[in-house]
Student: 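Attaching a single structure in structure tokens format; questions to follow.
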Amino acid sequence: MTSLDAAVEAAAMALAYAKRVSVFSGAGMSAESGINTFRDPEVGVWKNKIALYMFGTPFGWSWTPGWAWSAYRRFHGPIFAAQPNAGHIALATLPSRLGLPKDAVQIATQNVDYLHQRAGSPVETVFEVHGSVFRHRCIKRGHPIALPTDQPLPEHPPVCAQCGSKARPDAVLFTESLPADQWEGAERAMRALRRGDVLFVIGTSGQVQPAASLPDYTAAGVVKIEINAERSGHTNQMDIFVEGPSAVCLERIVQRAVELKQQQQQQLR
Ligand code: NAD
């Protein structure tokens, strides 16, 4: 048995016994859907530090909204084209496969790509602590601007019907605070876990605060399982570290947990 096999088995065992499961996900969760993470590859929008400053900060959006919009479109393109991967689907199908209530699985995500919900996780169980690139609002006053979600972004930034300022994503930019309702939901999802329940920390470097502090809100006795392609800022606080790609590993863990749960139930009969 390899160390990966052993970690998958340990994670599946914990999952088979859990009554509730919470998830804290980051950009690595969507890497196998073809969306670049922030820290890993030196490519595209992340490599061009000027473009990143222009579309990643409120200053960039207010000084050069046209430039910010075109850099943002390059970030948005792969997200728009992406499909949920096996990991998103494993989490969305976890309640039905393990015989848990639908709301027993709650997801706090730093991702802005809407892939958890597109995979089938109910919207009321997903908390987007960094917002979403499928919602927009105006730069000056924050008025909502509805754009079609089934089409790529237009070439030029749309204009607010109420105040005339240009559109920006309803996502958290560097230096901005997090949306209070989403943060409260995420914190509740962490605090809802009891001894023997499971927290998955998936594909996040642990570098972005305050989101990286979310796992600290879980109680003692919660089994903390990290899935990451490499060690992160969270690894030392975890009970189980599954070192590998999240889409492949999550499906393996969930499938094995289903088998273990069926075996438990047969023994009880
Ligand atoms: P990060 O880029 O800082 O770290 C990515 C982590 O994912 C790393 O620890 C890396 O080892 C791991 N990883 C890479 N590929 C993986 C895979 N296939 N399976 C498992 N793990 C993998 O990401 P972060 O911690 O989420 O912070 C970056 C910020 O940028 C977040 O706030 C996020 O909102 C934003 N962001 C979002 C998206 C998205 O919505 N998909 C994409 C890029 C950046």
Side-chain angles (χ1 to χ4, degrees), residues 4 7-8 11 23-49 51-53 55-57 71-72 74-91 107-119 121 126-135 149 169-179 182-183 186 200-215 225-238 240-253:
L4 176 61
V8 167
V23 177
F24 175 48
S25 66
M29 177 87 220
S30 299
E32 289 148 276
S33 291
I35 303 172
N36 289 318
T37 66
F38 180 54
R39 270 171 193 80
D40 294 338
E42 282 288 295
V43 292
V45 285
W46 303 128
K47 189 174 184 182
N48 183 338
K49 297 296 179 243
L52 182 57
Y53 184 77
F55 91 95
T57 67
Y72 166 56
R74 290 198 292 281
F75 172 63
H76 191 278
I79 293 180
F80 177 74
Q83 296 297 323
N85 63 47
H88 297 108
I89 294 167
L91 292 177
I107 301 174
T109 188
Q110 297 166 88
N111 295 342
V112 293
D113 56 27
Y114 207 69
L115 288 177
H116 284 297
Q117 297 93 326
R118 285 186 55 203
S121 289
V126 183
F127 302 98
E128 298 171 310
V129 295
H130 290 165
S132 170
V133 297
F134 288 98
R135 290 188 304 270
T149 52
D170 191 11
V172 177
L173 306 176
F174 294 107
T175 75
E176 289 183 328
S177 36
L178 275 48
Q182 299 302 302
W183 178 262
F200 280 115
V201 175
I202 306 173
T204 176
S205 59
Q207 304 289 314
V208 181
Q209 291 291 358
S213 68
L214 276 169
I225 303 171
E226 179 177 31
I227 307 175
N228 199 309
E230 57 187 44
R231 292 181 72 82
S232 76
H234 293 289
T235 312
N236 285 343
Q237 284 82 50
M238 297 291 122
I240 300 168
F241 177 47
V242 182
E243 188 169 9
S246 55
V248 176
C249 293
L250 260 172
E251 175 48 32
R252 275 188 68 191
I253 292 166

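Keep in mind it's a predicted model, so treat the numbers as computed, not measured. Counting convention: from 1, in listed order, for ligands and their atoms alike.
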Student: Is any side-chain heavy atom of N228 less than 4.5 Å from a side-chain heavy atom of T204?
Tutor: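 No, too far: nothing below the 4.5 Å cut-off.
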Student: Between the side chains of T109 and S25, is a donor N or O closer than 3.5 angstrom to an acceptor N or O?
Tutor: yes
Student: Donor-acceptor pair, distance only, cut-off 3.5 Å: does the side chain of T37 make one with the backbone of G28?
Tutor: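 Checked: no pair found.
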Student: Indicate, with yes or no, if the rings of F75 and F55 have centres closer together than 6.0 Å.
Tutor: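 They qualify: ring centres under 6.0 Å apart.
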Student: Non-hydrogen atoms closer than 4.0 Å to ligand 1: which protein residues do they belong to? List them by chain and number, please.
Tutor: G26, A27, G28, S30, A31, E32, I35, N36, T37, F38, R39, D40, W46, Q110, N111, V112, D113, H130, G203, T204, S205, V208, N228, A229, E230, G244, P245, S246
Student: Look at the rings of F80 and H76 and say which category their plane angle falls in: under 30° parallel, 30 to 60° tilted, over 60° perpendicular.
Tutor: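 The arrangement is parallel - the two ring planes meet at less than 30°.
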Student: Mind telling me whether F24 and H234 have parallel, tilted or perpendicular rings, with 30° and 60° as the class edges?
Tutor: perpendicular
